[in-house]
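Note sheet for the following structure.
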Amino acid sequence: MPQGPPGFERFFKTYHPTVCRYLLWREAEHSVLEDAAQLTMLSAYRYWERVGAMSDPRGWLFKVASQRLDDARQARNRQGLLLDAATLRDRVAAQDEIAACDLRLDIIHAVRKLPARQQEALAMRLQFCMEYEDIAQAMETTPATVRSHVHAGRKTLRAILGDGGTEGDRS
């Protein structure tokens, strides 16, 4: 990695895995996920003066990651490179045992059936324990709307997975 602004290398090492984990909730194709994660970190580099000053940049990173994921998916679609869900499941499981365990494919598959806004809200709330106000800021909406997205998403996941699928957040 070329020498960047002070603190960026540490920031990258800290937040790149976090961005990847967030994107795992939304995308199984490793190359699309990695493209979106790299583009997100490139945006952080470009706006380092602003991003580096944030006490908790996750909201900004997740917002940018969602946008970059959409861009990466569109580019892959145009190139005809996206695969069907069954192929992705097999490929991810064979690619990396740790990633396969971490994904909990049944939950991830169910989450991907949710509308995009519910996916975003659930990922930030359940995976990263962010406060509703911080999620609302990242999603450019109100905390009440975020609560609604989280509630609706959890309700749908419970219906798909049964009661044990969305443990960890009772609010």
Please, which pairs that meet salt bridge (charged side-chain N to carboxylate O under 4.0 Å, His left out) have at least one residue in residues 37-46, sequence neighbours excluded?
none

Do you know the tightest heavy-atom contact between Trp25 and Gln127?
NE1-OE1, 2.9 Å

For a quick test of your reading: what N or O donor-acceptor pairs under 3.5 Å do the side chains of residues 113-123 make, sequence neighbours left out?
| residue | atom | partner | partner atom | Å |
| --- | --- | --- | --- | --- |
| Arg117 | NH1 | Met139 | O | 3.4 |
| Arg117 | NH2 | Met139 | O | 2.8 |
| Gln119 | OE1 | Arg26 | NE | 2.8 |
| Gln119 | NE2 | Val111 | O | 3.4 |
| Gln119 | NE2 | Arg112 | O | 3.3 |
| Gln119 | NE2 | Leu114 | O | 2.9 |

For Leu23, the option from Asp35, Leu33, Val32 that meets side-chain contact (heavy atoms from CB on, under 4.5 Å):
Leu33

Does Leu24 share a hydrophobic cluster with Leu39, counting links as ILVMFWY side-chain heavy atoms below 4.5 Å and allowing steps through other members?
no

Mind checking the OG1-CZ spacing from Thr141 to Arg147? Nearest 0.5 Å is all I need.
11.5 Å

Go through the structure and list residues passing ring pair (Phe, Tyr, Trp, His ring centres under 6.0 Å) with Tyr22, not counting sequence neighbours.
Phe62

Minimum heavy-atom separation for Ala37 to Cys20, with atom names?
CB-SG, 3.7 Å

Single-linkage hydrophobic cluster, 4.5 Å side-chain cutoff, Tyr45 and Met41 together:
yes

Once salt bridge (charged side-chain N to carboxylate O under 4.0 Å, His left out) is applied, what residue pairs with a partner in residues 58-69 remain, sequence neighbours excluded?
Asp56-Arg58, Lys63-Glu140, Arg68-Asp71

Applying ring pair (Phe, Tyr, Trp, His ring centres under 6.0 Å) to Phe11 and not counting sequence neighbours gives Phe8, Tyr15, Trp48

Which residues pass the side chain to side chain donor-acceptor pair (under 3.5 Å) test with Thr142, not counting sequence neighbours?
Thr145

Atom NE2 in His151, atom OG1 in Thr156: separation rounded to 0.5 Å?
9.0 Å

Looking only at heavy atoms, what is the nearest atom pair of Thr14 and Thr18, with distance?
O-OG1, 3.5 Å

Locate the shortest heavy-atom distance separating Thr40 from Ala65; write the atom from each residue and the value.
OG1-CA, 3.1 Å

In terms of hydrophobic clusters joined by side-chain contacts under 4.5 Å, are Met54 and Tyr47 together?
yes

Tell me, please, which residues at least two apart from Gln38 pass side chain to side chain donor-acceptor pair (under 3.5 Å).
His16, Glu34

Tell me, please, which residues at least two apart from Asp134 pass salt bridge (Lys or Arg N to Asp or Glu O under 4.0 Å).
none

When rounded to the nearest 0.5 angstrom, what is the spacing between OH in Tyr132 and OG in Ser148?
10.5 Å

